[in-house]
Asker: 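Got a structure for you, written out below as structure tokens; questions coming shortly.
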Amino acid sequence: MNPKDTTTLAAVEKPVAFPEQKEIWGSDAISAMLRALDVPYLALNPGASFRGLHDSLVNYLGNDAPRMLLCIHEEVAVAIAHGYAKASDRMMGAVVHSNVGLMHATMAVFNAWCDRVPLLLLGATGPWDAAKRRPWIDWIHTASDQGALIRDYTKWDNQPASVPAAFEALLRGVQIANTAPRGPVYVNLDAALQEAKIGPLPELPDPARFAPAGSPQPSREQLARAAALLSDARAPVILAGRCTRSLEAWNERVALAEKLQASVVTDLKQAAAFPTDHVLHAGAPGLFLGADASRAIREADVILALDWIDLAGTLKQAYGADPVRANVINVSCDMHLHRGWSMDHQALPPADVVLLTQPDAAVPLLKEACAARRAAPSRKAPAAALPEPTEVSLLAIALALDKATRGADLCITKLPLGWNGAYRHFRHPLDYLGQDGGGGVGAGPGLTVGASLALQGTGRIPVGIVGDGDFLMCNTAVWTAAHYRLPALFIVCNNRSFYNDEVHQERVAKERSRPVENKWIGQRMIDPDIDIAAIARAQGAEGIGPVTRVQEVAPAVARGLEIAQAGKVAVIDVRVLPGYDANISGVAAAAHKR
């Protein structure tokens, strides 16, 4: 399939014609409300607890708007919805089967929560009325408070007891999920409610009257104070964090940085927020600060943080035990979401000015209010050439990808922990989508498939560069992509180990004067090796590899890209050496432009 062809997905699972609906059931009304709310897709693994809703989606709506996507695991279903939101800034839904399906999905829900993406999660329960439960199975699929399983990392949950209550729950849930700071919500549907005959379809509320509010505007006083600090700054720095995929907002950030002649820092935890080869960008992005970024922050007298993840931790990395000397302007409304169970809110940062809004709302106002600084822009040091790799490594993959994709639009949906941020420039908000949010393992495949779903019609190819552990945990997302003709390229950096934990075991062994030679035990996936390319082929994708020699990397990547550009799914098993490519700021990516 051509990536610009959006008709194939609709043809994959097309229902046979069904007669005119003379009787309306509870789940028919609920599905009609989902359509009115413009929920485009529902990713799901089937379950009897929502068999009524499943029937309505197929035989009442015709499996269109929303369209179902079959997944082999609930964690994949939620990860697909997560990836879709990351690439589109738009919410879709996932459906999980009662308490047991929700238990499978919890890690992916936590990822979506930490990543602040909107997600409508629909659940179901065996009939709440005990007299209506089937023996055994309905009892073990019913919980007294199902939402409690994920209440500490969702914005809101509800279990409506009637169709009008279900309408309100869906309206409120969508409104809350899409109100900044955004996040997942959970609506649990009683199986008996779904399967009750209700007569005529009730009048649907108008979703436009329940739309989420726009981003709040900062106070004039705080805005003026922030603008004064930035206008008078000697060495301002912008930390570009959580931002939308809007190209207009991207250009506004660039314009503000250029007006202020401010150094800009980005990281790899979040999606692309500023062009990494811009003269004002400080060093290569990483999961932690590189030397250039640390230096820029230490030397700054004013720091503008745009919804930056872990602002306090970043300042600690730069300043160490010294006090933060710079004036800090924190643009974020994330504190509205901070709770007590999870520590994803990070340490409490100092701030001299707080603009309680989203970066996209604050940046144009700041650009208008700030005076232009006439300081000459800093000049980057001449780019140091990256060494030609002699072994199969992340560097070899990066160079091969750069060579194969010159002139092509990619969307990097995930990067492995060891990736060096200097290896590839990001020049568009869709060039890179960031990490998974919660720091678990297994999200990469689903995020990539969800991004592919969102990128239909754009001609942009999603590329997930994932670790072997990440891929193997939830690799059945490959089947969903192949089944629904969603193009994707997976490059599996396969060191045959949960290597991050080898590093931890080595550190502990050294501290305890114990043999580091044992660090691999309980970590390495060897004897037998896992044939990742065969796993891909078994699910309808093209499997390439294992790639074991450095001269094989470039042809494999080029072939994988060709397959994805033809509308199919390719998975490349690259047997990289264990280890991390240090994110050294002195190694400039500009030497290897796409």
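These figures come from a predicted structure and were not determined experimentally. Heavy atoms only: backbone and side chains are in, while hydrogens, waters and symmetry mates are out.
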Asker: Who are the side chain to side chain contact (heavy atoms under 4.5 Å, CB included) partners of Asn251, not counting sequence neighbours?
Answerer: Leu247
Asker: Would His54 and Val95 satisfy side-chain contact (heavy atoms from CB on, under 4.5 Å), going step by step from the backbone distance to the final call?
Answerer: CA-CA 10 Å; His54 196 134; Val95 192; over 6 Å; no
Asker: So does Gly439 get a backbone contact from the side chain of Asp436, meaning a donor-acceptor N/O pair under 3.5 Å?
Answerer: yes
Asker: Within the structure provided, determine whether Leu415 and Gln435 are in side-chain contact (heavy-atom separation under 4.5 Å).
Answerer: yes
Asker: Is the closest side-chain heavy-atom distance between Asn111 and Val78 below 4.5 Å?
Answerer: no
Asker: Indicate yes or no: does Asp431 engage Arg460 in a salt bridge with an N to O separation below 4.0 Å.
Answerer: yes
Asker: Check Asn475, Ile532, Val478, Ile572 against Phe490 for a side chain to side chain contact (heavy atoms under 4.5 Å, CB included) and give me the one that passes.
Answerer: Val478
Asker: Taking it one step at a time, do Leu34 and Leu120 satisfy side-chain contact (heavy atoms from CB on, under 4.5 Å)?
Answerer: CA-CA 10 Å; Leu34 290 169; Leu120 176 62; 3.8 Å; yes
Asker: Tell me the ring pair (Phe, Tyr, Trp, His ring centres under 6.0 Å) pairs involving residues 447-481, sequence neighbours left out?
Answerer: Trp479-His483
Asker: Roughly how far apart are Ser31 OG and Leu122 CG, rounded to 0.5 Å?
Answerer: 11.0 Å
Asker: My understanding is that only residues two or more places apart in sequence, or in another chain, count here; which of them pass side chain to side chain contact (heavy atoms under 4.5 Å, CB included) with Pro181?
Answerer: Cys333, Asp334, His336, Leu337
Asker: Under the side chain to side chain donor-acceptor pair (under 3.5 Å) test, which residues partner Asp344, sequence neighbours left out?
Answerer: Trp113, Arg116, Ser342
Asker: Please round to the nearest 0.5 Å and tell me the distance separating atom CD of Glu542 and atom CD1 of Ile563.
Answerer: 4.5 Å
Asker: Which residues satisfy the side chain to side chain donor-acceptor pair (under 3.5 Å) test with Lys269, sequence neighbours excluded?
Answerer: Asp267
Asker: Could you tell me which residues satisfy side chain to side chain donor-acceptor pair (under 3.5 Å) with Asp115, sequence neighbours excluded, listed by chain and number?
Answerer: His82, Lys86, Gln270
Asker: Find out whether Lys14 and Asn63 are in side-chain contact, i.e. whether some heavy atom of one side chain is under 4.5 Å from a heavy atom of the other.
Answerer: no
Asker: Is the side chain of Gln539 donor-acceptor paired with the backbone N or O of Ala536 at a distance under 3.5 Å, no angle test?
Answerer: no
Asker: Decide yes or no for Val264 and His278: does some side-chain heavy atom of the first lie under 4.5 Å from some side-chain heavy atom of the second?
Answerer: no
Asker: For residues 389-397, please give each side-chain donor-acceptor pair under 3.5 Å, one per line with the distance, not counting sequence neighbours.
Answerer:
unit_1: Ser393; atom_1: OG; unit_2: Leu395; atom_2: N; d: 3.4
unit_1: Ser393; atom_1: OG; unit_2: Ala396; atom_2: N; d: 3.2

Asker: Enumerate the salt bridge (charged side-chain N to carboxylate O under 4.0 Å, His left out) contacts for residues 444-458, please, sequence neighbours excluded, ordered by first and then second residue.
Answerer: none
Asker: Between CG of Leu447 and OH of Tyr84, what distance do you get to the nearest 0.5 Å?
Answerer: 15.0 Å
Asker: Provide the closest heavy-atom pair for Val185 versus Gly173 in the form atom of the first, atom of the second, distance.
Answerer: CG2-O, 3.4 Å
Asker: From the options Leu399, Thr276, Leu410, select the one residue that forms a side chain to side chain contact (heavy atoms under 4.5 Å, CB included) with Arg424.
Answerer: Leu410
Asker: Do Val574 and Cys493 come close enough that some side-chain heavy atom pair is under 4.5 Å?
Answerer: no
Asker: Checking Arg575 side chain against Asp573 main chain: does a donor-acceptor pair fall under 3.5 Å?
Answerer: no
Asker: With a 4.5 Å cut-off on side-chain heavy atoms, are Tyr423 and Leu386 touching?
Answerer: yes
Asker: List the atom of Leu355, the atom of Ala362, and the distance in Å for their closest heavy-atom pair.
Answerer: CD1-CB, 4.4 Å
Asker: Evaluate the side-chain proximity of Arg182 to Asp89: yes if any heavy-atom separation is below 4.5 Å, no if none is.
Answerer: yes
Asker: How far does NZ of Lys155 sit from CG of Leu119, to the nearest 0.5 angstrom?
Answerer: 12.0 Å
Asker: Taking distance alone, no hydrogens or angles, what donor-acceptor pairs closer than 3.5 Å link side-chain atoms of residues 238-246 to residues at least two apart or in another chain?
Answerer:
unit_1: Arg242; atom_1: NH1; unit_2: Asp307; atom_2: OD1; d: 3.4
unit_1: Thr244; atom_1: OG1; unit_2: Ser246; atom_2: N; d: 3.3
unit_1: Thr244; atom_1: OG1; unit_2: Asp360; atom_2: OD2; d: 2.5
unit_1: Arg245; atom_1: NH1; unit_2: Ala272; atom_2: O; d: 2.8
unit_1: Arg245; atom_1: NH1; unit_2: Pro429; atom_2: O; d: 2.4
unit_1: Arg245; atom_1: NH2; unit_2: Cys243; atom_2: O; d: 2.7
unit_1: Arg245; atom_1: NH2; unit_2: Ala272; atom_2: O; d: 3.4
unit_1: Ser246; atom_1: OG; unit_2: Glu248; atom_2: N; d: 3.3
unit_1: Ser246; atom_1: OG; unit_2: Ala249; atom_2: N; d: 3.1

Asker: Can you see which heavy atom on Ala77 is nearest to which on Cys71, and at what distance?
Answerer: CA-SG, 3.7 Å
Asker: So does Val466 get a backbone contact from the side chain of Lys414, meaning a donor-acceptor N/O pair under 3.5 Å?
Answerer: no
Asker: Just by distance, do the side chain of Arg253 and the backbone of Ala273 share a donor-acceptor pair under 3.5 Å?
Answerer: yes
Asker: Using the test side chain to side chain donor-acceptor pair (under 3.5 Å), find all partners of Ser452 that sit at least two apart in sequence or belong to another chain.
Answerer: none
Asker: Using every non-hydrogen atom in the two residues, find where Ala443 and Ala79 come nearest and quote the distance to one decimal.
Answerer: O-CB, 4.2 Å
Asker: Can you tell me how far the OG1 atom of Thr405 sits from the CG atom of Leu489, to the nearest 0.5 Å?
Answerer: 10.0 Å
Asker: Could you check Val76 against Val449 for side-chain contact (heavy atoms from CB on, under 4.5 Å), going step by step and ending with a plain yes or no?
Answerer: CA-CA 9 Å; Val76 169; Val449 176; over 6 Å; no
Asker: Decide yes or no on side-chain contact (heavy atoms from CB on, under 4.5 Å) for Val576 and Asp468, but give the supporting numbers first.
Answerer: CA-CA 10 Å; Val576 297; Asp468 46 340; over 6 Å; no
Asker: Near Glu368 CD, under 6.0 Å, is it more than 12 heavy atoms from other residues, nucleotides or ligands?
Answerer: no
Asker: How long is the gap from CG on Leu417 to CG on Asp470, to the nearest 0.5 Å?
Answerer: 9.0 Å
Asker: Could you label the plane-to-plane angle of the Tyr432 and Phe426 rings as parallel, tilted or perpendicular, counting under 30° as parallel and over 60° as perpendicular?
Answerer: parallel
Asker: Looking at Pro364 and Pro359, what are the two nearest heavy atoms and their distance?
Answerer: CD-O, 4.4 Å
Asker: Taking salt bridge (Lys or Arg N to Asp or Glu O under 4.0 Å) as the definition, give me every residue that meets it alongside Glu552, ordered by chain and number, with sequence neighbours left out.
Answerer: Arg549
Asker: Would a distance-only check, ignoring hydrogens and angles, find a side-chain to backbone donor-acceptor pair under 3.5 Å from Tyr484 to Leu70?
Answerer: yes
Asker: Can you run down the side chain to side chain donor-acceptor pair (under 3.5 Å) pairs that involve residues 70-79, sequence neighbours left out, and say none if there aren't any?
Answerer: Glu74-His104
Asker: Would you indicate whether the side-chain heavy atoms of Asn500 and Val441 approach each other to under 4.5 Å?
Answerer: no
Asker: Identify the two heavy atoms, one from Val571 and one from Ala541, that lie closest to each other, and give their separation to 0.1 Å.
Answerer: CG2-CB, 4.5 Å
